[in-house]
Amino acid sequence: MDKLLDFIERHKYGIVITLLVHVGLFIYFQVATYKEVILFEPWDFQSVMDEAPDDIEITPDQIQTPQEQQLFNPQEEVSSFVKNENDTREESQSKDIKFTSYSQSGNPEQIENQFEQQLKDEIRRKREERESKNPSTSTDVDKKPKKDPVQNTSSGGEASEKAAGGATMVSYSLAGRHPLNYNDWYVRNPGYTCGNVNGVVKVAISVDEGGHVISATVIEGESQNATACMKQRSREYALMSRFNYSNKAPKKQEGVITYRFVYR
């Protein structure tokens with residue numbers, strides 16, 4: 001006991017200072033961590049039911065016209081066939097016929113002969129282009145007259161004797177030409193590639209004598225409700241289209257392909 005009292009007596013100032021430091025730190029942390037209580041007013045649920053003021057003004061330009069409504073919800077039925085706008089055949093609305101853009105497809109032998117003749121004429125044309133730059137290499141063989149591709153005169157083809165009536169998703173106007181190998185697949189159809197919007201895009205095309213589409217330009221003034229997607233797809237698909245070879249056609253024949261994009 002005497003030792004304890006003696007220890008306290010000798011270190012009394014240190015003990016007092018230690019106690020004061022602890023008390024000061026306690027008071028500081030109490031003040032520093034004090035949080036003020038904020039009272040919130042209760043929410044008035046009645047105001048949630050109040051209607052917002054209707055101060056939005058609709059101008060006449062924002063009102064959809066009957067013509068615009070028809071573009072989004074057309075009354076006419078659009079088929080997925082390809083139509084030749086220069087076709088003079090009688091039109092039919094029948095749904096049981098597989099319409100084509102040409103009168104007869106011909107038999108497989110005729111198609112094969114025509115394709116073979118097309119390849120020969122393309123090779124001859126390229127040779128003539130090379131020799132026109134170097135006339136000294138020409139031969140008598142190369143001076144033979146060109147022959148027309150085998151014409152389709154068969155009546156036993158699969159094509160319909162009538163043209164598709166009404167609106168079609170693809171139609172083209174190219175005088176004296178038909179899709180390559182009498183196959184409408186070569187006039188490609190982008191009509192379902194641009195979402196749930198209806199529209200019409202007309203594309204001016206240039207076709208060489210080999211049937212390749214060498215240029216395609218959207219005709220803005222004759223297109224309706226055409227979005228950027230429709231214009232881009234129409235141009236891409238027009239350039240992918242292919243028509244028959246014709247040595248009677250000009251080296252650059254002008255035509256038009258019309259695409260209808262349909263809400264699906």
Side-chain angles (χ1 to χ4, degrees), residues 1-80 167-170 185 187-205 213 215-241 257-264:
M1 189 65 181
D2 293 336
K3 291 181 179 181
L4 179 59
L5 293 175
D6 184 54
F7 177 81
I8 293 174
E9 180 65 25
R10 282 186 294 122
H11 299 88
K12 59 183 177 182
Y13 296 110
I15 294 173
V16 171
I17 293 173
T18 301
L19 290 174
L20 291 175
V21 170
H22 281 80
V23 170
L25 291 174
F26 175 78
I27 295 173
Y28 169 76
F29 285 116
Q30 286 294 322
V31 174
T33 58
Y34 174 74
K35 294 183 180 180
E36 182 180 358
V37 178
I38 301 176
L39 297 178
F40 292 93
E41 295 183 2
W43 186 19
D44 183 9
F45 290 93
Q46 298 265 343
S47 61
V48 178
M49 305 302 295
D50 295 342
E51 294 184 1
D54 188 5
D55 56 354
I56 302 176
E57 181 181 357
I58 299 178
T59 63
D61 295 338
Q62 295 173 315
I63 300 176
Q64 194 175 70
T65 63
Q67 292 78 10
E68 292 173 333
Q69 183 67 27
Q70 185 178 7
L71 288 173
F72 285 92
N73 299 291
Q75 299 298 321
E76 64 177 343
E77 183 176 352
V78 181
S79 66
S80 59
T168 59
M169 296 183 69
V170 181
W185 181 86
V187 185
R188 309 294 294 275
N189 179 8
Y192 295 123
T193 62
C194 285
N196 298 331
V197 180
N198 295 307
V200 178
V201 180
K202 285 197 173 185
V203 180
I205 60 172
V213 179
S215 69
T217 305
V218 174
I219 307 175
E220 299 285 351
E222 299 184 24
S223 301
Q224 298 178 345
N225 199 42
T227 64
C229 173
M230 294 179 187
K231 295 176 184 178
Q232 178 182 354
R233 292 297 186 203
S234 296
R235 186 175 181 278
E236 290 175 355
Y237 276 65
L239 291 171
M240 288 192 294
S241 297
I257 302 179
T258 302
Y259 299 102
R260 288 181 180 269
F261 291 81
V262 179
Y263 178 94
R264 190 175 191 181

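Values reported hereafter were calculated over all heavy atoms of this structure, with side chains retained and with hydrogens, waters and symmetry mates removed. In this chain, numbering begins with 1 at the start of the sequence shown.
Applying the salt bridge (charged side-chain N to carboxylate O under 4.0 Å, His left out) test to R233 and every residue at least two apart in sequence or in another chain returns E236.
Among all heavy-atom pairs drawn from V187 and S241, the shortest one is CA-OG, 3.7 Å. The nearest pair of heavy atoms linking M230 to V197 is CE-O, 3.5 Å. Shortest non-hydrogen contact noted between F261 and T193 is CE2-OG1, 3.9 Å.
Using a distance-only test at 3.5 Å, with no hydrogens or angles considered, a donor-acceptor pair links the side chain of Y259 to the main chain of A238. N189 contributes no side-chain N or O that, together with a main-chain N or O of V170, makes up a donor-acceptor pair within less than 3.5 Å. Side chain of T168 to main chain of S79: no donor-acceptor pair is present (N/O by atom type, distance under 3.5 Å, no hydrogens or angles).
When the shell of 6.0 Å around CZ of R235 is examined, it contains 12 or fewer heavy atoms from other residues, nucleotides or ligands.
Here R188 contributes atom CZ and I257 contributes atom CD1; the two are 11.5 Å apart, rounded to the nearest 0.5 Å. From I15, atom CD1 reaches atom CG of L20 across 12.0 Å, with rounding to the nearest 0.5 Å. To the nearest 0.5 Å, the span separating CZ on R260 from OG on S80 amounts to 13.5 Å. Between K202 atom NZ and K231 atom NZ the span is 15.5 Å, to the nearest 0.5 Å. To the nearest 0.5 Å, atom NE2 of residue H22 and atom CG of residue L19 are 8.0 Å apart.
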One pair to check against side-chain contact (heavy atoms from CB on, under 4.5 Å): N198 and V262. What are the steps and the verdict?
CA-CA 5 Å; N198 295 307; V262 179; 4.1 Å; yes
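Screening V201, V200, I219 for a side chain to side chain contact (heavy atoms under 4.5 Å, CB included) with S234, the sole residue that qualifies is V201.
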